[in-house]
Amino acid sequence: MMSQEQNDLITRTGPKDPCGKLMRSYWQPAALVDELQGARPIRPVRLLGENLVLFRDETGRYGLMDRHCAHRGADLAFGRLEHGGLRCAFHGWLFDATGQCIETPAEPKDSKLCQNIRQRSYPVVEKSGILWAYLGEGEPPAFPEIDCFVAPGTHTFAFKGHMACNWLQALEVGIDPAHASYLHRFFEDEDTSTAYGKQFRGASAGSDLPMTKILREYDRPIINVEHTEYGLRLIALREIDEERTHVRVTNQLFPHGFVIPMSTEMTITQWHVPVDDENCYWYAIFTSYSKPVDKQKMRDQRLELYELPDYKSRKNRANDYGFDPHEQQTATYTGMGNDINVHDQWAVESMGAIQDRTQEHLGSSDKAIVQYRRLLRQEIEKVQGGEKPMLFLDDSRARSIQGPATMDGIGPTQGWELYWMEVDVKRRRGAPWTAPVPKEIADNVHKLTAAE
């Protein structure tokens, strides 16, 4: 359990909140590039409790600034894109992508008023299908050289989805290896050859055993947590027999991301981004180490659940997440269909808008949750003390964070420690793009049979 004060410290992300100041030390996903396609590339954005408007001008520059006009507060999300900026529909004041007012047409012709008017704005960059915004002070950090940012656009796909809850409980489900054996349990196994684009539905590396069977039948994983330069590494071990153990390696990417294997050929890098204290979006980049991503198939699969333009789930609290008691008895553990995003959404939204951690009772299987919360408090304290938090990188250190390594496979019960590295290195070296081998694994390359 924790106190209410401690819970507030690690969940609230407003501009004046300690955790909010930490979050503003990093680039944040603000929208998908897809959201600004079409004839009118303007989108209202709520991010870290701030109401903003995102747009792309005629030259292709992105702008992100306060949603309410500096003149008299009208809504710039209804503005017009013209003459190099975004023009307020109320009195015609025009702002460029940096927030500088460049025209006040209702004023006298010789007026200099616009020179002194600046709408608060934030820098925006496009990376791997996502538009990233920096809401902090000073120079923004460099992006780490992780796989989803290194891979070519042909081998990545970005998507997002809304969750009606605080960002922290949404993130914590992704660093909880034990829950998948229950929340995502399927009573029957499907043909793994049809698993493209679906998590936990394919076969595990090094075997023909479907993940559904492994999760269902081996539900007491041994969980190891290691501290890394980028956050945490989680290793979940499910012993099949004396000779074979299922190994799943995932990562917590500080501050609010994780990197997990989706299949033998693809990983998911996902961030849980605060809209405000009671809502968040997950943003995911799917990265392929083999064939180019079938983006249309991936998008179509996800749009079966998520509705545009807000990427909100068709299954939600209002319709009991599609709960079917007969299905719960015969097909899935939750009775909420086959999409594990629905299962996760129910779990984290059912905790309440902000989980009351003063009432929880953690067990040994929650060790990653415990370690992450300690890390989060540690980094909040750093920022409060005027220090830079972990993973705040300059250009010279951007390459120091690579990977991170993930895997999901069945290896030897004795020797799994090297086995998972072998699998990761072999996949990287066989990729059609230059997938860097993280240094800590490269240091062991001479020991790795699969890498020789």
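What you are looking at is a predicted structure, and each value in this text was computed from that prediction instead of being measured.
- You'll find the side chain of His155 stays beyond 4.5 Å of the side chain of Thr287, heavy atoms only.
- No donor-acceptor distance shorter than 3.5 angstrom exists from the side chain of Thr104 to the backbone of Glu107, with no hydrogens or angles considered.
- Side-chain atoms of Val33 and Gln37, non-hydrogen and from C-beta on, do get closer than 4.5 Å to each other.
- Checked against a 6.0 Å centroid threshold, the rings of Phe143 and Phe149 count as neighbours.
- The shortest heavy-atom contact between Arg248 and Ile260 is NH2-CB, 4.0 Å.
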TODO: Evaluate ring pair (Phe, Tyr, Trp, His ring centres under 6.0 Å) for Tyr289 paired with Trp433, printing each intermediate quantity in order.
DONE: CA-CA 8 Å; Tyr289 298 86; Trp433 50 276; 5.5 Å; yes
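- The shortest non-hydrogen separation linking Cys19 to Ile10 is SG-O, 3.9 Å.
- A side-chain N or O of His256 and one of Gln28 form a donor-acceptor pair less than 3.5 Å apart.
- A cation-pi arrangement, defined by a distance under 6.0 Å to the six-membered ring centre and an angle within 45 degrees of its axis, is absent between Lys315 and Tyr321.
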Task: side chain to side chain donor-acceptor pair (under 3.5 Å) evaluation trace for Glu360 with Gln355 - done: CA-CA 9 Å; Glu360 69 180 1; Gln355 181 192 350; 2.9 Å; yes
Task: Working for side chain to side chain contact (heavy atoms under 4.5 Å, CB included), residues Ile401 and Leu391 - done: CA-CA 8 Å; Ile401 306 298; Leu391 219 58; 3.7 Å; yes
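- At least one donor-acceptor pair closer than 3.5 Å links the side chain of His343 to the backbone N or O of Gly337.
- The existence of a salt bridge linking Glu126 and Arg56 is excluded, since no basic side-chain nitrogen approaches an acidic carboxylate oxygen closer than 4.0 Å.
- By the 4.5 Å heavy-atom criterion applied to side chains, Ile117 and Phe95 are counted as neighbours.
- In terms of the salt bridge (Lys or Arg N to Asp or Glu O under 4.0 Å) criterion, Glu387 has no residue partners (sequence neighbours excluded).
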TODO: Kindly determine whether Gln345 and Asn341 satisfy side chain to side chain donor-acceptor pair (under 3.5 Å), including the steps that lead there.
DONE: CA-CA 6 Å; Gln345 183 184 350; Asn341 288 293; over 6 Å; no
TODO: Determine, step by step, whether His68 and Gln119 satisfy the side chain to side chain donor-acceptor pair (under 3.5 Å) criterion, reporting the C-alpha distance in whole Å, the side-chain angles of both residues, the deciding distance to 0.1 Å, and the verdict.
DONE: CA-CA 9 Å; His68 297 286; Gln119 192 85 346; over 6 Å; no
TODO: Go through the steps to decide whether Asp176 and Lys367 satisfy the test salt bridge (charged side-chain N to carboxylate O under 4.0 Å, His left out), and finish with yes or no.
DONE: CA-CA 9 Å; Asp176 171 11; Lys367 61 178 66 176; over 6 Å; no
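- Residues satisfying the ring pair (Phe, Tyr, Trp, His ring centres under 6.0 Å) criterion with His71, sequence neighbours excluded, are His91, Trp93.
- Proximity of Val225 to Arg233: side-chain heavy atoms (C-beta onward) are nowhere separated by under 4.5 Å.
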TODO: Go through the steps to decide whether Trp346 and Leu183 satisfy the test side chain to side chain contact (heavy atoms under 4.5 Å, CB included), and finish with yes or no.
DONE: CA-CA 10 Å; Trp346 163 79; Leu183 187 66; 3.7 Å; yes
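- Of the N and O atoms on the side chains of Asn279 and His162, at least one donor lies less than 3.5 Å from an acceptor on the other residue.
- Donor-acceptor pairing under 3.5 Å is lacking for the side chains of Glu58 and His83.
- Proximity of a side-chain donor or acceptor of Trp416 to a complementary backbone N or O of Thr245 within less than 3.5 Å is not detected.
- At distances below 3.5 Å, not a single donor-acceptor pair connects side-chain atoms of Ser313 with backbone N or O atoms of Asn316.
- With a 4.5 Å cut-off on side-chain heavy atoms, Gln371 and Arg374 count as touching.
- Inter-residue side-chain proximity for Arg67 and Pro44 is flagged as met; some heavy-atom pair is nearer than 4.5 Å.
- Between Leu232 and Ala368, the shortest heavy-atom distance links the atoms CD1-O, 4.0 Å.
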- [ ] Might you work through the salt bridge (charged side-chain N to carboxylate O under 4.0 Å, His left out) test for Arg428 and Asp424, ending with a clear yes or no?
- [x] CA-CA 6 Å; Arg428 290 174 181 281; Asp424 183 70; 2.7 Å; yes
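- Considering CE of Met163 and SG of Cys280, their distance stands at 6.5 Å, rounded to 0.5 Å.
- Ion pair Arg302/Asp339 not flagged as a salt bridge, since none of the NZ, NE, NH1 or NH2 atoms sits closer than 4.0 Å to an Asp/Glu carboxylate oxygen.
- Closest approach of Met407 and Val247 over heavy atoms only: SD-O, 3.2 Å.
- Listed for the Asp17 side chain is no donor-acceptor partner under 3.5 Å among the backbone atoms of Gly20.
- At a threshold of 4.5 Å between non-hydrogen side-chain atoms, the residues Ile214 and Arg238 count as touching.
- Of the options Phe258, Tyr306, Tyr311, a ring pair (Phe, Tyr, Trp, His ring centres under 6.0 Å) to Trp282 is made by Tyr306 and by none of the others.
- Taking both residues in full, the closest heavy atoms of Ile285 and Ser128 are given as CD1-CB, 3.6 Å, listed atom of the first, atom of the second, then distance.
- For the ring pair (Phe, Tyr, Trp, His ring centres under 6.0 Å) with Trp271, the lone residue among Tyr26, Tyr283, Trp132 that qualifies is Trp132.
- In this structure the side chain of Asp276 never reaches within 4.5 angstrom of the side chain of Glu50, judged on heavy atoms.
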Open item on the list: If you apply the rule salt bridge (charged side-chain N to carboxylate O under 4.0 Å, His left out), what do you find for Glu307 with Lys312, and how did you get there?
Closed with: CA-CA 5 Å; Glu307 291 186 296; Lys312 291 187 176 181; over 6 Å; no
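- Asp320 places no side-chain N or O within donor-acceptor distance of the main-chain N or O of Gly322, the cut-off being under 3.5 Å.
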Open item on the list: Go through it in stages, so that I can follow the logic: the residues are Leu9 and Ile380, the test is side chain to side chain contact (heavy atoms under 4.5 Å, CB included), and I'd like the CA-CA distance, side-chain angles, deciding distance and then a yes or no.
Closed with: CA-CA 9 Å; Leu9 175 69; Ile380 288 172; 3.9 Å; yes
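- Electrostatic pairing of Arg87 and Glu82 counts as a salt bridge here, judged by a charged N lying under 4.0 Å from a carboxylate O.
- Of the possible polar contacts, none joining the Asn166 side chain to the Arg12 backbone as a donor-acceptor pair under 3.5 Å is found.
- In summary, Arg24 and Glu137 do not engage in a salt bridge, as defined by a charged side-chain N under 4.0 Å from a carboxylate O.
- Considering all non-hydrogen atoms of both residues, Gly403 and Pro438 come closest at CA-CG, 3.8 Å.
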Task: side chain to side chain donor-acceptor pair (under 3.5 Å) between Thr434 and Arg429, worked out - done: CA-CA 8 Å; Thr434 306; Arg429 293 193 167 171; over 6 Å; no
Task: Chi angles and distances behind the side chain to side chain contact (heavy atoms under 4.5 Å, CB included) call for Glu172, Val348 - done: CA-CA 9 Å; Glu172 287 181 341; Val348 299; over 6 Å; no
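- A salt bridge does not link Glu304 with Arg314: none of the charged nitrogens is closer than 4.0 Å to a carboxylate oxygen.
- Relative orientation of the Phe254 and Tyr372 rings is tilted, given thresholds of 30° and 60° on the angle between their planes.
- Looking at Arg317 and Ser350, their side chains never bring a donor and an acceptor atom within 3.5 Å of each other.
- Contact check on Arg299 versus Asp34 returns a salt bridge, with a Lys/Arg side-chain nitrogen under 4.0 Å from an Asp/Glu carboxylate oxygen.
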